[in-house]
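Input: a single structure, listed below in structure tokens.
Fair warning: this is a prediction, and the values are worked out from it, not measured in the lab. Along the sequence shown, the residues carry numbers beginning at 1.
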Amino acid sequence: MTLTSERRRSVGDTQSHRPVPARRHVPLRVRMRRDSALLVMVAPAVVLLAIFAYVPMAGNVIAWQFYSPYTGFFNSPWVGWDNFERVLNNPQFLDAVQNTLAITAFQLVFFFPIPIALALLLNSVLSPRVRMTIQSIVYLPHFFSWVLVVTVFQQIFGGAGLVNQFLRSNGYAGFDLMTNPDTFLGLVTMQAVWKDAGWGIIIFLAAISTVSNEHYEAAVMDGANRWRRMWHITLPAMRPVIILLLILRLGDSLTVGFEQLILQRGAVGAEVAEVIDTFVYYQGVIYTDWSFAAAAGLMKGVVSLVLVLGANKLAHVFGESGVYKRA
């Protein structure tokens, strides 16, 4: 065993001292001719992405105009940064930003760890039949629409719901969770957990599946119990995926859902249910202030981009790859 280790070490030392050959620069014309088949295969996807993702971005120009659909882009007057100043001085927008950040922070604490815990739980279940049953049950709500999810919660936790009927029949006072602004954060988090936690475990189970059984068998031979195997083998294998999803979640921190919030906005009030997406919808579609809504939506996109770049930089500082690797 010692000889083998020393032999491997000597081979590694020899390879580490071997000079690395310099990369030969290949001209662009040669590379395009060499990869012409791949470029032809990718071209349709690039064209579709440009048409449906990048060309519509030109419509953001109305954020610097007093836009009217009757005069169009070319005849609407330019107003400079006035729309952005109106957005920043609008107290309703600041309240929407505050509500959005509160929902994001609450869900990061109480929603993000749940798929990780479920993946670890399913990984520890030895019976494939039990594992498949649990997976099927927790996946199912993801395919429900938000209308159905809100309806189910209304039938359970509403004023005339099953929980209140049970409490009143046993002499207790009922409550209405669906119209209480003080518990709205917990309500939307419960709905998000019930709908999407099962779907979120797919990626974590895929990360766990990459771990070789030899690692677990070696740990068992060394006397590691179930908790030590999870702490020293399973969780390190999941760490890059956890960081990647956390970065993406931070980038979407200003996007907390539209349908879920607008469906319950009338019941609890705009003071707690108004987020940036619903604010932009009401300003642009309902009140027809297109330029003001475009400025608010553009500011949200810029801030989200800054959050993604900042979180990715932080991942590089801690030695992780992040969303993309450093050049």
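In terms of the ring-ring contact (aromatic ring centres under 6.0 Å, His included) criterion, residue partners of F292 (sequence neighbours excluded) are, by chain and number, F279. Taking R265 as the reference, E274 meet the salt bridge (Lys or Arg N to Asp or Glu O under 4.0 Å) condition, with sequence neighbours excluded. A search for salt bridge (Lys or Arg N to Asp or Glu O under 4.0 Å) contacts involving R168 returns nothing, not counting sequence neighbours.
In the displayed structure, F175 atom CZ is contacted under 6.0 Å by more than 12 heavy atoms of other residues, nucleotides or ligands. Within 6.0 Å of atom CG in L263, more than 12 heavy atoms from other residues, nucleotides or ligands are found, so the atom counts as buried in its surroundings. Atom CZ of R239 sits in a sparse spot, with 12 or fewer heavy atoms from other residues, nucleotides or ligands closer than 6.0 Å. Atom CZ of F166 sits in a sparse spot, with 12 or fewer heavy atoms from other residues, nucleotides or ligands closer than 6.0 Å. Counting heavy-atom neighbours within 6.0 Å of M57 CE, excluding the residue itself, gives a total above 12. Summarising the local packing, CD of Q165 is surrounded by more than 12 heavy atoms from other residues, nucleotides or ligands at distances under 6.0 Å.
In this structure, the side chains of T234 and V211 stay at 4.5 Å or more apart for every pair of heavy atoms. Contact of the V87 side chain with the N83 side chain is not registered, since no non-hydrogen atoms from C-beta on lie closer than 4.5 Å. Counting heavy atoms from C-beta outward, Q260 and K195 have side chains that stay 4.5 Å or more apart. Within the 4.5 Å cutoff, the side chain of Q191 has no heavy atoms near those of the V152 side chain. The side-chain heavy atoms of F157 and M190, taken from C-beta on, include a pair separated by under 4.5 Å. Using a 4.5 Å cut-off on side-chain heavy atoms (C-beta onward), I208 and M238 make contact. Residues L261 and D277 form no side-chain contact, since every pair of their non-hydrogen atoms from C-beta on lies 4.5 Å or further apart. Counting heavy atoms from C-beta on, the side chains of N180 and D176 never come closer than 4.5 Å.
The aromatic rings of W199 and F143 lie perpendicular to each other, with more than 60° between the two planes, well past the 30° mark.
A salt bridge is absent between D222 and R228; no separation between the charged side-chain nitrogens and carboxylate oxygens falls under 4.0 Å.
In terms of modelled atom types and a separation under 3.5 Å, the side chain of T278 and the main chain of I262 share no donor-acceptor contact. Distance alone, capped at 3.5 Å, places no donor-acceptor pair between the Q154 side chain and the M178 backbone.
To the nearest 0.5 Å, the span separating CD1 on I156 from OG1 on T151 amounts to 11.0 Å. Interatomic distance, OG1 of T100 versus CG of L254, reported as 6.5 Å (0.5 Å rounding).
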CA sep, side-chain torsions, deciding dist, call: F258, W146, ring-ring contact (aromatic ring centres under 6.0 Å, His included): CA-CA 10 Å; F258 175 76; W146 276 114; over 10 Å; no
Please determine whether side chain to side chain contact (heavy atoms under 4.5 Å, CB included) holds for the pair F204 and L118, giving the CA-CA distance in whole Å, both sets of side-chain angles, and the decisive distance to 0.1 Å. CA-CA 9 Å; F204 296 113; L118 285 176; over 6 Å; no
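Checked by atom type, the side-chain pair T71/S76 shows a donor-acceptor distance below 3.5 Å.
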